[in-house]
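Structure record follows, encoded as structure tokens.
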Amino acid sequence: MNSREDFLLKAYELGIIKFGSFTLKSGIESPFYVDLRPLASSPMLLKTLSNNLLSLVNESRVELICGVPYAALPMATTMSLVSGIPLIIKRKENKGYGTKRMVEGVFENGQNCLLVEDVITSGKSLVETIDEVEKEGLEVTDIVVVLDREQGGIEKLKEKGYNVQALFTINEVIEILHKYHRLEADDVKRIKSFLQDSAQPAPTFKTAYEDRDIQHPVGKRMLDIALRKESNLIASADVVSSRELVDLAEKIGDKIVALKLHSDIITDFDMQLVAELKVLARKHNFLLFEDRKFADIGNTQELQFKKGVYRFAEWVDMVTAHPIAGEKSFDVFENTGVAAIIEMSSKGTLTDNNYIAQALNVADRCANIFSVVAQRRVPESLLLLTPGVNMDSTGDSKGQQYNTPEKVFNEYHTDFIIVGRGIYQANDAAEAAEKYCKAGWEAYLRSLGK
Ligand code: 5BU
């Protein structure tokens, strides 16, 4: 028997999980009932549990610990005592007098706070708690949970970029109890079938372009063009001469929402090319999108954006930038639209959940960031642009990884697909653009539930 199993059996003896027939808050009849509060009655088990929970996170970045009331309060307190990381206390409701704060204790703006929860089901109550803690100026990147009831909560939080770890899943608990003869095979079958039935998440659909609340003028234009052209296609025009670029833009212009460029790969780039692109963009109604991936301090980015050979500030509608240098570095783009890169499509990318959570916070706070580049669902207050889309390949030899339009709309709720080689390397670029335009639009309609 390993130490997790040993812990679980002892906790079971304390009565943390009961089998029978229980009516839940939602009115559903459940064959089991979980209550982790009895753990507080065993200081030894509480200590073991706290050590296990601490081992799930990278302690070096945690500055505060907060338990979600009430069941997780003794756990959070023990974790604080064991690790030496200070505790803060979240109220269940505002007391309506005095400081009116929702979080009590000594803390500073921007400190990283680890949240501790007993059981996660749909994740709804955790999302509310995170909001309240973040409103107090604290940063939440990590959450630890004792038991995952496997009803979609973990996925919901991961989508939002949080690093959430559970010590046990309910299926694991059932299996361990069965292995050590605390549960009969018939009960296991009954419970598993109940879990499977209730795990079917209600289908959540994407919000239609016309119902999105995007304030930035460039974001509004993207949505407007998408609806007019029935297209959510951004073409990545990674060709290396002005001639090829202008030819491509002329051929595919009426199918795309934006033409994404890497100006620094064009051998003969000059302002004459820019003038031609502007004419084509007006004629075919698409945006000029420079994928410059700015990633420097504000001052350098400003020079790269406004000066040099490219003078992007004078002609592009939108740019990509990494949030690596922090919020202030985005000021230099002024009113130009920004797509913040929060996650990359390539194999082994360093954009992990912790980075993504912090990058999303930056995106949330900067008025000129109306969109993000990512391979996962993001809050609908931002437009989601997804590269790494190809219908005929799963990747290249240099780390690129591809998904289909169907997958990115259905799973990530992408708003715009970015397609490069799938179009400009096709024998007939116009035909390929038409194919991706149609596939993207149909996948979009399906993601609306239509
Ligand atoms: P492809 O030919 O469809 O693989 O081109 C993809 C384009 O999107 C290319 O210009 C990349 O620079 C860009 N891209 C990407 O592929 N993945 C990312 O995570 C980001 C950008 Br950010």
Side-chain angles (χ1 to χ4, degrees), residues 161 232-241 244-245 248-249 252 255-266 269 277 286-296 301 310 312 316 318-325 330 333 337-353 355-356 359-360 362-363 369-378 382-408 411-412 414-427 429 432-433 435-437 439-440 443:
N232 42 49
L233 177 60
I234 296 174
S236 192
D238 301 337
V239 292
V240 296
S241 72
E244 289 169 279
L245 181 56
L248 182 69
I252 66 173
K255 316 274 189 326
I256 61 174
V257 174
L259 189 70
K260 187 175 79 63
L261 308 165
H262 287 289
S263 293
D264 58 0
I265 65 174
I266 302 167
F269 179 94
L277 287 175
F286 61 75
L287 299 174
L288 292 174
F289 178 10
E290 172 60 35
D291 190 6
R292 173 61 181 77
K293 298 189 176 68
F294 293 96
D296 213 317
Q301 284 191 164
Y310 305 109
F312 298 119
V316 304
M318 58 191 288
V319 293
T320 52
H322 288 286
I324 187 95
F330 284 90
F333 301 119
V338 181
I341 297 164
I342 64 163
E343 180 180 21
M344 295 196 70
S345 62
S346 44
K347 201 167 176 188
T349 172
L350 303 184
T351 51
D352 61 7
N353 286 340
Y355 181 83
I356 293 166
L360 269 173
V362 171
I369 302 180
F370 69 89
S371 56
V372 294
V373 182
Q375 307 288 324
R376 62 176 64 211
R377 265 194 216 187
V378 298
L382 294 158
L383 293 179
L384 172 59
L385 322 184
T386 302
V389 172
N390 195 302
M391 290 159 81
D392 305 301
S393 164
T394 57
D396 66 15
S397 60
K398 299 167 200 165
Q400 177 67 304
Q401 305 177 108
Y402 287 126
N403 288 306
T404 59
E406 188 61 32
K407 174 163 175 186
V408 301
E411 285 185 21
Y412 310 158
T414 291
D415 292 301
F416 294 93
I417 49 172
I418 298 177
V419 182
R421 282 163 281 183
I423 294 175
Y424 72 81
Q425 277 185 353
N427 289 334
K435 175 173 105 171
Y436 280 96
C437 174

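When a ligand or atom number is given, it counts from 1 through the structure's own listing order. This is a predicted model, so every value here is computed, not measured.
Taking every heavy atom of both residues into account, Thr320 and Arg292 meet most closely at OG1-N, 3.3 Å. The two residues Ile252 and Ala235 come nearest to each other via the heavy atoms CD1-CB, 3.5 Å. Considering every non-hydrogen atom in both Arg421 and Tyr402, the closest pair reads NH2-OH, 3.2 Å. Of all heavy-atom pairs between Thr351 and Ile356, the closest is O-CD1, 3.4 Å. Nearest approach of Ser236 to Tyr424, heavy atoms of both residues: O-CD2, 3.3 Å. Of all heavy-atom pairs spanning Ile423 and Ala433, the tightest one is CD1-CA, 4.0 Å.
Of the protein's heavy atoms, Ser345 N, 2.8 Å lies nearest to atom 19 (O) of ligand 1. From the protein, the heavy atom lying nearest to atom 11 (C) of ligand 1 is His262 NE2, 4.0 Å. Distance from atom 1 (P) of ligand 1 to its nearest protein heavy atom, with residue and atom name: Tyr402 OH, 3.4 Å. When hydrogens are left out, the protein atom nearest atom 9 (C) of ligand 1 is Asp238 OD2, 3.3 Å; that is the closest non-hydrogen contact. Ranking protein heavy atoms by distance to atom 14 (N) of ligand 1, first place goes to Pro387 CB, 3.8 Å. When hydrogens are left out, the protein atom nearest atom 16 (O) of ligand 1 is Gln400 NE2, 2.8 Å; that is the closest non-hydrogen contact.
Every residue two or more places apart in sequence or in another chain that forms a ring-ring contact (aromatic ring centres under 6.0 Å, His included) with Phe416 is listed here: Tyr209.
Judged purely by atom type and a 3.5 angstrom limit, Gln401 has no side-chain atom pairing as donor or acceptor with the backbone of Gly395. Side-chain N or O atoms of Thr414 include one that pairs as donor or acceptor with a backbone N or O of Val408 at under 3.5 Å.
Interface atoms of ligand 1 facing Lys293, defined by a heavy-atom separation under 4.0 Å, are 12 (O), 20 (C), 21 (C), 22 (Br). Atoms of ligand 1 found under 4.0 Å from any heavy atom of Val373 (numbered from 1 in listed order, with element): 22 (Br). Close contacts of ligand 1 with Arg421, meaning ligand atoms under 4.0 Å from a residue heavy atom, involve 1 (P), 2 (O), 3 (O), 4 (O). Ligand-side atoms of ligand 1 in range of Ile341: 22 (Br), range being under 4.0 angstrom from any heavy atom. Heavy-atom proximity to Asp291, at under 4.0 Å, picks out these atoms of ligand 1: 12 (O), 13 (C).
Not a single N or O atom of Ser346, backbone or side chain, sits closer than 3.5 Å to an N or O atom of ligand 1. The shortest N or O to N or O distance between Gly420 and ligand 1 is below 3.5 Å. Ligand 1 has no N or O atom lying under 3.5 Å from any N or O atom of Tyr424, backbone or side chain.
Under a 4.0 angstrom heavy-atom cut-off, Asn390 registers as lying outside contact with ligand 1. Distances from ligand 1 to the non-hydrogen atoms of Gln425 include no value under 4.0 Å. No heavy atom of Gln375 sits closer than 4.0 Å to any atom of ligand 1.
The part of Ser236 lying near ligand 1 is the side chain, judged by heavy-atom distances below 4.0 Å. When heavy-atom distances to ligand 1 are checked against a 4.0 Å cut-off, Met344 comes that close through both its backbone and its side chain.
Side-chain contact annotation: Glu343 with Thr349, donor-acceptor N/O pair under 3.5 Å absent.
When the options Ser346, Ser393, Ser345 are evaluated for a side chain to side chain donor-acceptor pair (under 3.5 Å) with Gln400, the one that passes is Ser345.
Counting heavy atoms from C-beta on, the side chains of Val338 and Val319 come closer than 4.5 Å.
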